[in-house]
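Since the structure comes first, as structure tokens, the remarks are kept for the end.
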Amino acid sequence: MGLDTGDSAEYTRALTDALGPVVRRSLDLPPAVPTFLSDDHTPVEFSLSFSPGTSPTLRFLFEPSSGFGTLAESSRLGLRALHGLARRWGISTEQLDLVQDLFLPDAPQGDFALWAALELAPGGTPRMKAYLNPAASGPDRAGATVREALRRLGHHRAYDSLPAADRLLFLALDLGDWDTPRLKVYTAHHRLRASAVGTLNRMDGGPAPAETEAFLHTATGLPPGRDGVFDRRPVLTCHSFTDQAADRPSGFTLHVPVRDYARDDREVLGRAETLLPRYGIAPEPLRAALEALTPRRLEDGVGLIAYLAMVHQQGKDPRLTAYLSSEAYRVRRPNERPTGPRPVR
Ligand code: TRP
């Protein structure tokens with residue numbers, strides 16, 4: 001992905017330091033914690049971000065200081081590990097400090113406390129992201145928690161611009177040297193109808209409904225003109241805020257959990273190979289990345305590609321992202337057909 005050996009070594013060291021002792025835990029033992037960061041509970045997930053005309057960017061999402069004690073303990077240690085990474089590269093955590101009490105209280109609730117991601121830029125200094133749990137101060141307070149966080153970070157009317165959703169999944173903060181740091185809210189849409197996906201965008205100048213529908217149809221193998229209900233893993237959207245003066249998002253992402261709507265990874269790769277060129281992107285690096293991750297045949301499992309996503313951000317070319325599992329613990333068996341959304345008339 002265009003990283004020289006020095007950068008690769010530095011990033012590898014940073015990741016293994018931040019993960020903590022779990023990196024020395026035998027993979028013959030069960031996962032240290034049942035994290036839902038990945039399906040097989042590996043506390044790391046890779047992703048590739050593809051923009052037209054440049055080589056893809058590699059990122060990792062991980063649970064810092066994974067596998068320790070109670071949620072309260074793991075949140076404290078995770079925060080310490082994240083601060084360690086920030087110091088290593090002179091990254092400011094100011095945005096996180098402003099909302100820390102909301103998401104990392106003494107007794108956090110919910111199914112995770114803190115995840116981090118690194119975008120591996122050439123040159124040895126990554127861009128960092130922190131993922132926070134809206135349910136940390138109580139699942140029934142998730143809406144109020146996110147609203148307050150957006151307000152503290154200067155986006156006073158942002159909350160009201162979000163589409164109706166069943167669940168607020170993450171609040172993510174860009175930390176460090178980003179052109180335009182974003183604040184992102186991830187929402188889950190259980191039992192979404194394919195024909196309704198075009199209504200979820202809230203950014204100005206975002207994708208037309210037909211484009212969003214076409215992405216969803218191709219990613220899930222739903223023929224054009226057919227409708228269906230996504231009643232297995234929910235489709236997610238992400239709304240990014242960059243301009244405090246605007247009362248709406250400047251970015252929109254559709255995350256499609258392809259692993260629940262395909263038989264196997266061969267099928268998912270085929271769909272990605274249809275989608276990428278539609279956006280002017282060469283698909284070869286994706287194939288090469290899958291080969292680097294696993295020697296297994298793609299038709300022998302599903303979930304190596306967890307999500308395919310379409311990302312729109314004002315002022316930038318649309319890009320696509322693929323989230324890739326390490327399968328450190330387990331390969332998921334292929335799904336039984338039919339794998340499409342539940343048909344509706
Ligand atoms: N594994 C979780 C899920 O599938 C969380 C997650 C990991 C996720 N990577 C993601 C969610 C990328 C959205 C996009 O929901």
Side-chain angles (χ1 to χ4, degrees), residues 15 19 31 33-50 56-64 66 78 110-119 128-136 139 142 146 162-163 165-174 182 184-192 197 200 215-216 219-220 230-240 251-262 265 268 272 275 286 289 293 301-313 319-332 335:
L15 176 66
L19 275 169
V33 278
T35 176
F36 76 105
L37 191 144
S38 67
D39 290 357
D40 74 345
H41 313 306
T42 313
V44 182
E45 181 184 70
F46 303 97
S47 61
L48 292 174
S49 165
F50 298 90
T57 306
L58 175 63
R59 302 101 54 93
F60 358 93
L61 171 69
F62 62 100
E63 182 161 83
S66 184
D111 39 19
F112 82 105
L114 177 65
W115 291 345
L118 296 178
E119 218 176 270
M128 197 182 329
K129 299 182 263 191
Y131 291 82
L132 301 166
N133 188 351
V146 169
L162 294 169
D166 314 86
R167 217 177 129 200
L168 295 164
L169 286 180
F170 310 115
L171 181 92
L173 301 172
D174 284 348
R182 300 153 305 170
K184 297 184 288 181
V185 181
Y186 288 75
T187 53
H189 306 278
H190 287 275
R191 288 176 290 282
L192 180 73
V197 73
L200 297 174
F215 183 87
L216 180 65
T220 58
F230 292 90
D231 60 356
R232 290 190 288 280
R233 198 179 294 268
V235 170
L236 311 180
T237 60
C238 171
H239 308 273
S240 76
F252 171 74
T253 302
L254 180 72
H255 287 282
V256 182
V258 283
R259 62 203 187 280
D260 279 43
Y261 300 96
D265 288 305
V268 176
L275 287 167
L286 175 59
L293 276 172
V302 72
L304 189 60
I305 304 180
Y307 283 94
L308 288 174
M310 173 192 77
V311 187
H312 282 256
Q313 183 70 44
R319 56 191 177 88
L320 302 188
T321 50
Y323 292 81
L324 309 180
S325 309
S326 64
E327 299 187 336
Y329 287 108
R330 204 176 62 91
V331 175
R332 173 167 158 188
N335 292 315

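Each residue takes its place number in the sequence, starting with 1. Read the numbers this way: they start at 1 and go in the same order the structure lists the ligands and their atoms.
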R191 NZ/CZ over F230 ring centroid, <6.0 Å and within 45° of normal: no

Set of residues satisfying side-chain hydrogen bond (donor to acceptor under 3.5 Å, both in side chains) with respect to E45, sequence neighbours excluded: none

Sequence-distant partners of R232, side-chain hydrogen bond (donor to acceptor under 3.5 Å, both in side chains), two or more places apart: none

Qualifying residues under salt bridge (charged side-chain N to carboxylate O under 4.0 Å, His left out), relative to D174, sequence neighbours excluded: R182

Sidechain-backbone polar pair: D40 side chain, V331 backbone, donor-acceptor under 3.5 Å: no

Heavy-atom closest pair, residues P257 and V235: CD-CA, 4.0 Å

Sub-3.5 Å pairs, protein N or O with ligand 1 N or O:
residue  : atom   : partner : partner atom : Å
ligand 1 : 1 (N)  : F36     : O            : 2.7
ligand 1 : 1 (N)  : L37     : O            : 2.9
ligand 1 : 4 (O)  : R259    : NH2          : 2.6
ligand 1 : 4 (O)  : Y307    : OH           : 3.1
ligand 1 : 9 (N)  : E45     : OE1          : 2.6
ligand 1 : 15 (O) : Y307    : OH           : 2.9

